[in-house]
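Structure first, commentary second.
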Amino acid sequence: MFYQTPEHNYQYELNKDLNFSAAHHIPDERAGKCSRIHGHTYHVNITVAGDTLDELGFLVNFSALKGLIMDAFDHRLINDHEAFKDIPPTSETLSKVIYDMVDHFIQTEQPNDLRCLQIILRETPTSYVVYRPKEYR
Ligand SMILES: Nc1nc2c(c(=O)[nH]1)N=C([C@H](O)[C@H](O)COP(=O)(O)OP(=O)(O)OP(=O)(O)O)CN2
Ligand SMILES: [Zn+2]
């Protein structure tokens, strides 16, 4: 599947799609049925860009991005994750949490200079969110 990505001048743009199964609830009765614990097959699209490749010829290993997200959320209750100690696990907040995880990983684990441009998080067949920082550094 192809998604809209922000305009940029990087030579390479990588996209990784992945799915994970998880439960969540929005702990507020105003969320209606979503205040009850329920599950989704989440779909995530991660966009990373850069001008230089690492020694393997990768921007970043696709499987490293997948592992990062799967380890944190697959077959878990998202509310239990420390990032959601004080905020509800909505599509909006989860897309930002995933953005921050990917950004931290590529800044600390990759030798090449990479940027995460956006995260698309699909919670249901009819609902998804795009998270993009105001500007990429
Ligand atoms: N802005 C948001 N609204 C809602 C979120 C969210 O994360 N951000 N989450 C939920 C529920 O958790 C749940 O995912 C229901 O979403 P919804 O699109 O309403 O699901 P349906 O399958 O019922 O959608 P239909 O298109 O009506 O079948 C709710 N809102
Ligand atoms: Zn839900």
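One-based numbering, in listed order, for ligands and for the atoms of each.
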Practice task
Indicate whether atom 24 (O) of ligand 1 is within a distance of less than 4.0 angstrom of some protein heavy atom.
Solution key: yes

Handout entry: Top protein contact for atom 29 (C) of ligand 1, by heavy-atom distance
Key = Cys34 SG, 3.3 Å

Practice task
Run the numbers for me: atoms of ligand 1, each under 4.0 Å from some heavy atom of His24, listed by number.
Solution key: 12 (O)

Completion exercise
Heavy-atom proximity to atom 22 (O) of ligand 1, picking from Leu94, Thr124, Val129, points to Thr124

Practice task
Just need the protein heavy atom nearest to atom 17 (P) of ligand 1, so name the residue and atom and give the distance.
Solution key: Ser127 OG, 3.8 Å

Exercise for the section: If you have a sec, work out which protein heavy atom is nearest atom 14 (O) of ligand 1 and how many Å separate them, to one decimal? Expected result: Glu123 OE2, 2.2 Å

Exercise for the section: State whether His40 contributes an N/O/S atom found under 2.8 Å from the Zn ion (ligand 2). Expected result: yes

Handout entry: Distance-only donor-acceptor check, side chains Asp54 and Asn112, under 3.5 Å
Key = no

Handout entry: For the Zn ion (ligand 2), the closest N/O/S atom belonging to His38
Key = NE2

Problem - Among the N, O or S atoms of His24, the one nearest the Zn ion (ligand 2) - result: NE2

Exercise for the section: Verify the distance criterion only: is there a donor paired with an acceptor across the side chains of Glu123 and Ser91 at less than 3.5 Å? Expected result: yes

Exercise for the section: Without swapping roles, check the side chain of Arg115 against the backbone of Leu117 for a donor-acceptor pair under 3.5 Å. Expected result: no

Problem - Atom OH of Tyr128: over 12 foreign heavy atoms under 6.0 Å - result: no

Fill in the blank from the handout: So the atoms of ligand 1 within less than 4.0 Å of a heavy atom of Thr90 turn out to be 7 (O)

Exercise for the section: For the pair His24 (side chain) and Asn79 (backbone), establish whether a donor and an acceptor sit closer than 3.5 Å, ignoring hydrogens and angles. Expected result: no

Practice task
Kindly confirm or rule out an N or O of His40 lying under 3.5 angstrom from an N or O of ligand 1.
Solution key: yes

Fill in the blank from the handout: atom 8 (N) of ligand 1 sits nearest the protein heavy atom Glu92 OE1, 2.8 Å

Handout entry: Parallel, tilted or perpendicular: ring planes of Tyr42 versus Phe20, cut at 30 and 60 degrees
Key = parallel

Practice task
Hey, can you tell me if His8 and Tyr10 have their rings parallel, tilted or perpendicular (30° and 60° cut-offs)?
Solution key: tilted

Problem - Point-to-point distance, once rounded to the nearest 0.5 Å, from SG of Cys34 to NE2 of His40 - result: 6.0 Å

Practice task
Indicate, as side chain, backbone, both or neither, the part of Ser91 found under 4.0 angstrom from ligand 1 when only non-hydrogen atoms are considered.
Solution key: both

Problem - Spacing of Ile120 atom CD1 and Thr47 atom OG1 [to the nearest 0.5 Å] - result: 6.0 Å

Handout entry: Over 12 non-hydrogen atoms of neighbours within 6.0 angstrom of NE2 in His38
Key = yes

Exercise for the section: Could you see which bit of Thr126 sits under 4.0 Å from ligand 1, with heavy atoms only: side chain, backbone, both or neither? Expected result: side chain

Problem - Heavy-atom nearest neighbour in the protein, as seen from atom 21 (P) of ligand 1, with distance rounded to 0.1 Å - result: Lys33 NZ, 4.0 Å

